[in-house]
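Below is one structure, written out as structure tokens; the observations come after it.
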Amino acid sequence: MGNELVIYNTLTRKKEVFRPLVEGKVGLYVCGPTVYSDSHLGHARPNITFDLLVRYLKYLGYKVRYVRNITDVGHLENEEEETGEDKISKRARIEQLEPMEVVQKYMNTFHHNMRQLNTLSPDIEPRASGHIIEQQQMIDLILENGFAYEVNGSVYFDVEKYNEKYQYGKLSGRNLDDIRTNTRKLDSQDEKKNPFDFALWKKASPGHIMQWPSKWSNGFPGWHLECSVMSTKYLGEIFDIHGGGLDLAFPHHECEIAQSTASLGKESVRYWMHNNMITINGQKMARSLGNFITLDEIFSGNHKVLEKAYSPMTIRFFLLQAHYRSTMDFSNEALKASEKGLGRLMDAVEDLSNLPDSGNSTVDVSGLKEKTFAALSDDLNSPVAIASLFDGVKIINSVKNGTDHLSKQDIEDLKLFFHTVIFDILGLVDEKDKDGAKDEVLNKVVELLLNLRVEAKSRKDWHTADSIRDGLNSLGIEVKDTKEGFEWKFKKIDS
RNA sequence: GGUCUCUUGGCCGAGUGGCUAGGCGGCGGUCUGCAAAACCGUAUACGGCGGUUCGAAUCCGCCAGAGACCUCCA
């Protein structure tokens, strides 16, 4: 491809031309979920964003190794319990399940939801619990290099020491003095030299369910370590792109940089990419605000802020209609707008396969293609790419109406272009196909009824014609009269 | 309190020195037995006040408002 992919690098706060470490290959690491509850809307954003990235990189001809972790150990929950109990073990106690049973359950729903959103599976999906030894090895290295200290069976990263040689806070634009004055002092952290130091290994209390033996104590790894370890293991000491939510930039990614640098003596990540957050009716989505929506809830419409169900593709399309670095506001009005727009786009795709070849083209197909790919190459500007797809929709409709014309070659071009961008790169799926439209008997029955209706109409028997139409309508089948007779399709059924 | 970001028409959301973003909704029209749908056309905008400039929604300053992170978070 002629146009070069440009990516916004959080580390430099600039758009940079993407050049992989190894020509033709891309190593990508994305922070995955902590599997202790149902997947929510917030999970849709990064996974769709980086799915788009993977799909576009592949389209550009790169061989991509996409690594996305599952966090199944080690995140402390300071806010609730006095003990700082592990999220997963806490949930296990509540539900009377084995910790690994909890992990499995929510990992399964996460995978199911991600399939519904038509995201590609990562090539490697490593789990923190499966890399305890590697994490211990990295702690050893950091200790050897003098950037960590052991206290009472726990090991902490020495941020101050690290900052003497390197720069802690560079990713999130902080310096240690700012952090020093603004880090909250928590109870039971008196083991640490400084409040901003973070745990690499934490000694477990006797009742703590998830723990592993180590030379320091029976315990569990610190909550930033897994990503440093697993990205290095599967992508190498230096790799191309690390992605995640903007909320992870500090402290999680900052700590990752520190850990990798402290253990390897160099930085691992070449391009940092962060997707922005989702708000609901202008508010941050949070459990405490009562506007926290799981993906299952949005797909079923089963939540008080939702007027109806929204399909996975509506969510996907909606998210792609905003740039990944902008905050994105969910509202019923906005979602319904996307649902309709997506329907119109998909109708155009369908029309494209029956478009009349009408001699010389009166529209510029190649200009449309250039515009679209230029947008995608400009830091994945999917909203602009989609806008130009709608320019294409306008062309398709005009040709259908006979006000514009397309040559046979241009029709083929347009068809390939639409399919490539809509299905391969944007990863959309035509959901109409799934709703039973493949049932041949049903199709024939509907056609039979509609043919009867045409007869009724020719007799000017409006009563019969209308009752057929209304009856089908109430069954979720939309009837459109056309010059030739009729068209019909399954409507999305509102709940 | 510290650091940072944002404020675009009824809603969502691009753009970032001069040229229509786009979607949804509105309005007008085409089509129709009537509808619905679809299609076509169209109006409405850059938080406020200053400054830089031939020219600013776009750059700079101030003010107002919103949000994010600083604590697990996608």
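Chain letters run A, B, ... following the sequence lines, proteins first, then strands; residues in each count from 1. Reckoned from all heavy atoms, side chains included, excluding hydrogens, waters and symmetry mates.
The aromatic rings of A:Tyr168 and A:Phe198 lie parallel to each other, with less than 30° between the two planes, well short of the 60° mark.
Nucleotides B:C54 and B:C63, compared at atom P, are 28 Å apart to the nearest Å. The separation of B:G13 from B:G9, taken at their P atoms, amounts to 11 Å, rounded to a whole angstrom. B:A56 and B:U16 are spaced 10 Å apart, taking the C1' atom of each and rounding to whole Å. When the C1' atom is compared between B:U42 and B:A35, the two are found 24 Å apart, to the nearest whole Å. For B:U53 and B:G61, the C1' atoms lie 16 Å apart once the distance is rounded to whole Å. Look at the C1' atom in both B:G50 and B:A64: the space between them is 15 Å, to the nearest Å. Rounded to whole Å, the separation between the P atoms of B:G23 and B:A43 comes to 14 Å. Taking atom C1' on both B:C6 and B:G51, the two are 22 Å apart, rounded to the nearest angstrom.
Counting any heavy atom pair closer than 4.0 Å across all strands shown, A:Leu389 reaches no nucleic acid atom. Counting non-hydrogen atoms under 4.0 angstrom, A:Gly245 reaches the backbone sugars and phosphates but no base. Contact annotation for A:Phe318: backbone-only contact, meaning every heavy-atom pair under 4.0 Å involves sugar-phosphate atoms and none involves a base. Residue contacts shown for A:Thr327 are limited to sugar-phosphate atoms, with no base heavy atom under 4.0 Å away. No contact: A:Thr49 has no heavy atom under 4.0 Å from any strand. Nucleic acid contact class of A:Ala387 (heavy atoms, under 4.0 Å, all strands): base.
Side chain of A:Gln321, nearest nucleotide from B:A74, B:G22, B:C69: B:G22. Of the listed nucleotides (B:G10, B:C4, B:G23), B:G10 has the atom at the smallest distance from the side chain of A:Glu333. Which of B:G10, B:C73, B:C72 sits closest to the side chain of A:Leu248 comes down to B:C73. Ranking B:C70, B:C12, B:A74 by closeness to the A:Asp247 side chain, first place goes to B:A74.
Look at CZ on A:Phe390: it is 18 Å from P on B:C12, rounded to the nearest Å. Rounded to whole Å, atom P of B:C4 lies 13 Å from atom CD1 of A:Ile179. Counting to the nearest Å, the C1' atom of B:C72 and the NE2 atom of A:His40 are 11 Å from each other. Atom P of nucleotide B:G23 and atom CE of A:Met346 are separated by 16 Å, given to the nearest angstrom. Atom CD of A:Gln167 is separated from atom P of B:U3 by 16 Å (rounded to the nearest Å). Taking atom CG on A:Asp329 and atom P on B:A68, their separation rounds to 12 Å, with Å as the unit. If you measure from atom CZ of A:Arg325 to atom P of B:A14, you get 10 Å, rounded to the nearest angstrom. If you measure from atom CG of A:Leu428 to atom C1' of B:G23, you get 14 Å, rounded to the nearest angstrom.
Between A:Asp51 and A:Arg68 no salt bridge is recorded (no basic side-chain N to carboxylate O distance below 4.0 Å). Using a cutoff of 4.0 Å between basic side-chain nitrogens and carboxylate oxygens, A:Lys15 and A:Asp379 are not scored as salt-bridged. Salt bridge status for A:Glu254 with A:Arg174: absent, with no side-chain N to carboxylate O gap under 4.0 Å. A salt bridge links A:Lys308 and A:Glu339; the closest N-O separation between the charged side-chain nitrogens and carboxylate oxygens is under 4.0 Å.
Ring pair A:Phe50/A:Tyr66: centre-to-centre distance not below 6.0 Å.
Residues A:His274 and A:Leu171 share a closest heavy-atom pair of CE1-CD2, 4.1 Å. The shortest non-hydrogen separation linking A:Asn118 to A:Gly427 is ND2-O, 2.9 Å. For the pair A:Asp197 and A:Val159, the tightest heavy-atom approach, listed with the atom from each and the gap, is OD1-N, 3.0 Å.
For the pair A:Arg325 and A:Tyr8, the cation sits on the ring face: its NZ or CZ lies under 6.0 Å from the ring centre, inside 45° of the axis. In this structure, A:Lys394 is not positioned above the aromatic face of A:Phe390 in the sense of NZ or CZ being under 6.0 Å from the six-membered ring centre and within 45° of the axis.
In this structure, the side chains of A:Leu335 and A:Ile315 come closer than 4.5 Å at one or more pairs of heavy atoms.
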Pairs counted only when both distances fall under 3.5 Å, Watson-Crick or G-U: show me the 5' to 3' dot-bracket for RNA chain B, [ ] for pseudoknotted crossings and | for other-strand partners. (((((((..(((.....[...))).(((((.......)))))....(((((..]....))))))))))))....
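Toward the 5' end of RNA chain B, the nearer of the two residues A:Phe330 and A:Lys336, judged by each one's closest nucleotide, is A:Phe330.
Proximity of A:Asn381 to the phosphate of B:G15: a side-chain N or O atom is located under 4.0 Å from OP1 or OP2.
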Summary of protein contacts for nucleotides 34-42 of chain B, nucleotide by nucleotide, where a base hit scores B, a sugar-phosphate-only hit scores S (4.0 Å, heavy atoms): BBBS-SSS-
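By the 5.5 angstrom centroid cut-off and the 30-degree plane limit, A:Trp462 is classified as stacked against the base of B:G33.
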